[in-house]
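First comes the structure, then the notes that go with it.
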2 protein chains.
Amino acid sequence: MAAVRQIAGPCQAWPEDSAFIREVLDRIGDKWTMLIVSTLDAGPLRYSDVQASIPGISQRMLTQTLKHLERDGMLVRTAYPEVPPRVEYELTELGRSLMEAVMAMAAWAAAHHREIAANRAASELTGVGRSKAPAGS
Amino acid sequence: MAAVRQIAGPCQAWPEDSAFIREVLDRIGDKWTMLIVSTLDAGPLRYSDVQASIPGISQRMLTQTLKHLERDGMLVRTAYPEVPPRVEYELTELGRSLMEAVMAMAAWAAAHHREIAANRAASELTGVGRSKAPAGS
DNA sequence: CGGCATCCAAACGGATACTG
DNA sequence: CAGTATCCGTTTGGATGCCG
């Protein structure tokens, strides 16, 4: 692999190896991928069930994201040739392993979101990263 | 968001609130954040040095991303009041901890990118996730 | 039920020009 | 040197309508 050399030390960046991470982040960084994966982590679900489990999603984004995940081998699509069409989506092992990796990120987020929120609020007062926020008054 | 209710199984899922993860992903999921963080992981750098370290970035995106990172407390900006202006950016502990979390994702990406690429190539042949690719002939 | 196709608004992001 | 401001193309994603 040779991608991630040392973690602890001052590792000299990884512009050359960043393609993998960029690729993964482009995939899970979108608005719905992780929600779908986490929903499917419970077990196989039908199209409409997935949609019902994710309140704000549109058919367009649901279908598109499902296709991307299927294309990457994160899940398998099974269509049953019945009179009322039934299609089920189920995570693969790869998809579940992604879930675990994302859980690590989630753990970090849960551990630091307070700190981040506090920093952001403080910056709001001092006007550090101000771009075009109305700032109350 | 309450989209991810309760999940049974091996991975027990994250807390019912996925807002943290979405927030973090929205921040690191953009095009340049990780590149900048990884560049700064080596040590403090000046504006132009960061720019030089990241070939394709524009001033607009560099400045914007730096401000976002500063606002979230991932880095600190130090401006020296000299005749030729000098500004240095340095990662905070929070920023370095993010780096570690991302490195974990990178490790996953490095471990599975081959598998993903293979799945994608296979799907290309079978025409699974096809949307509007010309597909050669 | 499970999509796909189209339209359209907002956000993202690059190129350029200008400033302190 | 270290930005800011503006213009503009590209991408994202929601809303709608149709179809097997």
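Every chain is numbered from 1 and lettered A, B, ... according to where its sequence line falls, protein lines coming before strand lines. Model, not experiment: these values are computed from the prediction.
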Report task. State whether a side-chain donor-acceptor pair under 3.5 Å links A:Asp41 with A:Ser38. Result -> no
Rounded off to whole Å, could you give me the [atom1]-to-[atom2] distance for the [X] and [N] pair?
X	N	atom1	atom2	value
B:Gln51	C:dA15	CD	C1'	13 Å
B:Leu45	D:dA2	CG	P	11 Å
A:Ile57	D:dG13	CD1	P	10 Å
A:Leu66	C:dC4	CG	C1'	14 Å
A:Glu70	C:dG2	CD	P	15 Å
A:Glu88	C:dG3	CD	C1'	16 Å
A:Ile54	D:dG13	CD1	P	13 Å
B:Tyr47	C:dT19	OH	C1'	14 Å

[options]: which one has an atom nearest the side-chain heavy atoms of [X]?
X	options	value
A:Arg77	D:dA2, C:dG2, D:dG13	C:dG2
B:Gln59	C:dG2, D:dG14, D:dT4	D:dT4
B:Thr63	C:dG2, C:dG13, D:dT4	D:dT4
A:Trp32	D:dG14, D:dA2, D:dT4	D:dG14
B:Ser48	C:dG14, D:dA2, D:dG14	D:dA2
A:Lys31	D:dG13, D:dG3, C:dG13	D:dG13

Requested in this report: Could you go through the salt bridge (Lys or Arg N to Asp or Glu O under 4.0 Å) check for B:Glu70 and B:Lys67 one step at a time?
Outcome: CA-CA 5 Å; B:Glu70 184 191 7; B:Lys67 285 202 167 187; over 6 Å; no
Query raised in the report: So, do A:Met61 and A:Lys31 sit near enough that their side-chain heavy atoms are less than 4.5 Å apart?
Result: no
Query - Whether B:Thr33 side chain and B:Gly29 backbone form a donor-acceptor pair below 3.5 Å - result: no
Considering just the side-chain nitrogens and oxygens of [X], establish if one lies under 4.0 Å of OP1 or OP2 belonging to [N].
X	N	value
B:Lys67	D:dT4	yes
B:Arg46	D:dC1	no
B:Arg60	D:dC7	no

Query - First encountered from the 5' end of DNA chain D, between A:Asp30 and A:Pro85 - result: A:Asp30
Query raised in the report: Contact class for A:Tyr89 vs. all strands (heavy atom < 4.0 Å): base, sugar-phosphate, or nothing?
Result: sugar-phosphate
Requested in this report: Determine the interplanar angle of the A:Tyr89 and A:Tyr47 rings, folded into 0 to 90°, and report it as parallel if under 30°, tilted if 30 to 60°, perpendicular if over 60°.
Outcome: tilted
